[in-house]
Amino acid sequence: MPKCDVCHNECNLSEGDTGLCRARKYENGSFKCVNYGLVTSIALDPIEKKPLNLFYPGSNIISVGSFGCNLRCPFCQNHEISYGFGKEYDMGFREISPNELLEIAKEYEKYGNIGVAFTYNEPLVGYEYVCDAAKLLKENGLKTVLVSNGNVGKRVRDLVIPYIDAMNIDLKGFTDKYYSEVLGGNRQMVMDFIEEAAKSCHVEVTTLVVPGFNDSDKEMEEISGFLASLNDGRGKDEIALHISRYFPRFKMNVPATDVGRIYELRDVAKKNLKHVFTGNC
Ligand code: SF4
């Protein structure tokens, strides 16, 4: 059976099948992206909302998302579009070509817009649109931002990175068990993605702290230590870490993270990193 090479799931698909991400299909003997240009959400957001605190602070950015995701996080805040399938989801979308996206981005420059952020669902399950649109935006002097879970293989990673100016990448924890058993992801793939992106982009990383799953001092020491190991030679553009507070969402019911614990973990991370921010506190 043909195997998709975009991410760690390596879906084996027969003719007419759609992959776990719901964004890719095997049809007429080849893999196709089925969410190309299908935008479920578009908004002008402050750049800090991505979150990016050290990339053109104070600016705004047009943020677009489609549907589909290659992870299955039980606390997903955007499950309507990430798990976009099934009768319970009534998902509307609007078709926006890369050229139309450029026009929108240009039109909003008068409102402080600097470019486009690909976000909301996992953008890289539809990497073709990200590449086409980001290339066009950059050619026209606009900035490109990617907000991703980083779970893609080398081929897609190497295609996308040259078109992106800044990324916020989730590093959701530092154990393989949490990544594989709770999130349905691959920690090493994310670490490789962060390492490669950091060679040419501005990078900030987000860790959502979930009580009992990834909230130990040891795990935060490891996360911040890994990021610090990538900072050699980056000068002032050191990788920033956002430590974010979890709230019960979707299928996850453990109580919200204690605010005090977030500040304790910030202090742990500060031993390794210059830029540490807290979120949702
Ligand atoms: S991108 Fe989608 S279809 Fe391809 S391997 Fe990942 S989940 Fe499966």
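Whatever order the structure lists ligands and atoms in, that order sets their numbers, starting from 1.
With a cut-off of 2.8 Å, the protein N/O/S atoms near atom 2 (Fe) of ligand 1 add up to 1.
Note: the hydrophobic cluster containing Phe55 does not contain Ile239 (ILVMFWY, side chain heavy atoms under 4.5 Å, direct or indirect links).
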Just distance, no hydrogens or angles: give the donor-acceptor pairs under 3.5 Å from side chains in residues 40-47, sequence neighbours left out.
from, atom 1, to, atom 2, distance (Å)
Thr40, OG1, Gly65, O, 3.3
Thr40, OG1, Ser66, O, 2.7
Asp45, OD2, Lys50, NZ, 2.9
Asp45, OD2, Tyr120, OH, 3.1

Name each donor-acceptor pair under 3.5 Å that joins a side chain in residues 191-201 to protein atoms two or more places apart or in another chain, with its distance.
from, atom 1, to, atom 2, distance (Å)
Asp192, OD1, Gln188, NE2, 2.9
Glu196, OE2, Lys199, NZ, 2.8

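A search for salt bridge (Lys or Arg N to Asp or Glu O under 4.0 Å) contacts involving Arg94 returns nothing, not counting sequence neighbours.
Panel note: side chain Glu128, backbone Tyr36; no donor-acceptor pair is recorded below 3.5 Å. For the pair Tyr179 (side chain) and Lys172 (backbone), a donor-acceptor distance under 3.5 Å is present.
With 3.5 Å as the limit, one finds no donor-acceptor pair spanning the side chains of Glu204 and Asn168.
Contact annotation: for His8 versus ligand 1, there are no heavy atoms closer than 4.0 Å.
Of all atoms in ligand 1, numbered sequentially from 1 with element shown, those under 4.0 Å from a heavy atom of Glu10 are 5 (S).
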